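We're numbering straight along the sequence, starting at 1. Only heavy atoms go into these numbers, but all of them, side chains included; no hydrogens, no water, no symmetry mates. Because the structure is a prediction, the values reported are computed rather than measured.
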Amino acid sequence: MIARRLPQRIVFEGKTYRIKLYFPRVLRLFEMMRDDEIPDMVKLREAVGLLAGARAKLLPTDKQARLYKEIFDQFIVTNTGTDESIPRALDFSFDAPYIYAAFLQAYQINLTKQRKLDWRLFMALLRALPEGTKMREIISVRTRPIPTPTKYNADEILNLQRAKATFAIPLTDAEAAEQFQRGLDRMVDRITALAKAGEASGKKG
């Protein structure tokens, strides 16, 4: 199997750790990292335990952090939409039914039975989903820019906006708070700019 030829170990400060990159473990890691009720120190300890075993959990906190970063950067990092200028294309929890259906349709892989599928192979297959799967259609809708309005494309724009609303990924509480704060900051900046422009105009008058 391809996954068996992928690196399964990492050397950290002279010691070798067997990494366990089964896709359900990595997804569980993402869920845990988004849980604001779990203290950061607990998240870190449990994360290195999930990925590198119980021995890694005995490392001092600073070494746990470095080991986690090395594993994440080398083997896990994804591009599912972290840049504010790029729409978030996929959410593993929200889109789970579509992902499972797409794997079954495209690859005849039942993810409920493939619990030891390597994360890297899982991501490669996810990125390669063909046209005709619902997940590929949803990703296309989310990432497709709204076209510049013309007198000919009003229906196209309306249909795309409706599709984007239908498949929009719900914001977490933290994301909603950040979005609100960004909007508030932009509003303050606009008001400040208008006030300064008014002052400058008054002085000239």
* Asked: Taking atom CZ of Arg25 and atom CZ of Arg115, what is their separation to the nearest 0.5 Å?
  -> 11.5 Å
* Within-4.5 Å side-chain heavy-atom neighbours: Ile19 and Arg9 -> no
* Report the distance from atom CG of Leu111 to atom CG of Leu125, rounding to the nearest 0.5 Å. => 9.0 Å
* **Set of residues satisfying side chain to side chain donor-acceptor pair (under 3.5 Å) with respect to Lys69, sequence neighbours excluded** => Asp73
* **Sequence neighbours excluded, every pair satisfying ring-ring contact (aromatic ring centres under 6.0 Å, His included) that has a member inside residues 130-167** => none
* **Between CD on residue Glu156 and CD1 on residue Ile146, distance to nearest 0.5 Å** => 9.0 Å
* Between CG of Leu29 and NZ of Lys43, what distance do you get to the nearest 0.5 Å? -> 10.5 Å
Side-chain donor/acceptor pairs under 3.5 Å, residues 94-106, sequence neighbours excluded:
from	atom 1	to	atom 2	distance (Å)
Asp95	OD1	Arg142	NH1	3.4
Asp95	OD1	Arg142	NH2	2.9
Asp95	OD2	Asp91	N	2.9
Asp95	OD2	Arg142	NH1	2.7
Gln105	NE2	Gly132	O	3.1

* To do: Could you state whether Ile138 and Met123 fall into the same hydrophobic cluster, counting links through intermediate Ile, Leu, Val, Met, Phe, Trp or Tyr residues with side-chain heavy atoms under 4.5 angstrom apart?
  => yes
* Asked: CZ of Phe23 to CD of Gln114: how many Å apart, nearest 0.5 Å?
  -> 8.5 Å
* Asked: Any donor-acceptor pair under 3.5 Å linking the side chain of Thr133 with the backbone of Leu129?
  -> no
* Asked: Crowded around Met32 CE? As in, over 12 foreign heavy atoms under 6.0 Å?
  -> yes
* To do: Identify the two heavy atoms, one from Pro147 and one from Leu160, that lie closest to each other, and give their separation to 0.1 Å.
  => CD-CD2, 4.0 Å
* To do: Is it possible for you to say whether Leu27 and Tyr22 belong to one hydrophobic cluster, with membership spreading through side-chain heavy-atom contacts below 4.5 Å?
  => no
* **Within one Ile-Leu-Val-Met-Phe-Trp-Tyr cluster: Met135 and Ile109, side-chain cutoff 4.5 Å** => yes
* **From CA spacing to verdict: ring-ring contact (aromatic ring centres under 6.0 Å, His included), Phe92, Trp119** => CA-CA 13 Å; Phe92 293 111; Trp119 171 255; 5.5 Å; yes
* Honestly curious: do Val42 and Phe72 fall in one hydrophobic cluster under the side-chain, below-4.5 Å linking rule? -> yes
* Asked: Are Leu90 and Leu126 side-chain neighbours, meaning at least one heavy-atom pair lies under 4.5 Å?
  -> yes
* Asked: What heavy-atom pair brings Ala47 and Met33 nearest, and what distance separates the two atoms?
  -> CB-CE, 3.6 Å
* Below 4.5 Å, heavy atoms only, C-beta onward: do Arg45 and Pro39 meet side chain to side chain? -> no
* Structure fact -> Residues passing the side chain to side chain donor-acceptor pair (under 3.5 Å) test with Thr166, sequence neighbours excluded, are none
* **Ile71 CD1 to Leu21 CG distance, which is reported to the nearest 0.5 Å** => 7.5 Å
* Asked: Does a side-chain heavy-atom distance below 4.5 Å link Phe75 with Val26?
  -> no
* For residues Val11 and Glu70, report the shortest heavy-atom separation together with the two atoms involved. => O-OE1, 4.4 Å
Side chains of residues 48-68: which donor-acceptor pairs under 3.5 Å do they make with residues two or more places apart or in other chains?
from	atom 1	to	atom 2	distance (Å)
Arg55	NH2	Thr16	O	2.5
Lys57	NZ	Glu46	OE2	3.4
Lys63	NZ	Glu13	OE1	3.2
Gln64	NE2	Lys57	O	2.9
Gln64	NE2	Leu59	O	2.8
Arg66	NH2	Glu13	OE2	2.4

* Asked: For Asp40, what residues pass the side chain to side chain donor-acceptor pair (under 3.5 Å) criterion, not counting sequence neighbours?
  -> none
* Backbone of Leu6 reached by a side-chain donor or acceptor of Gln8 within 3.5 Å -> yes
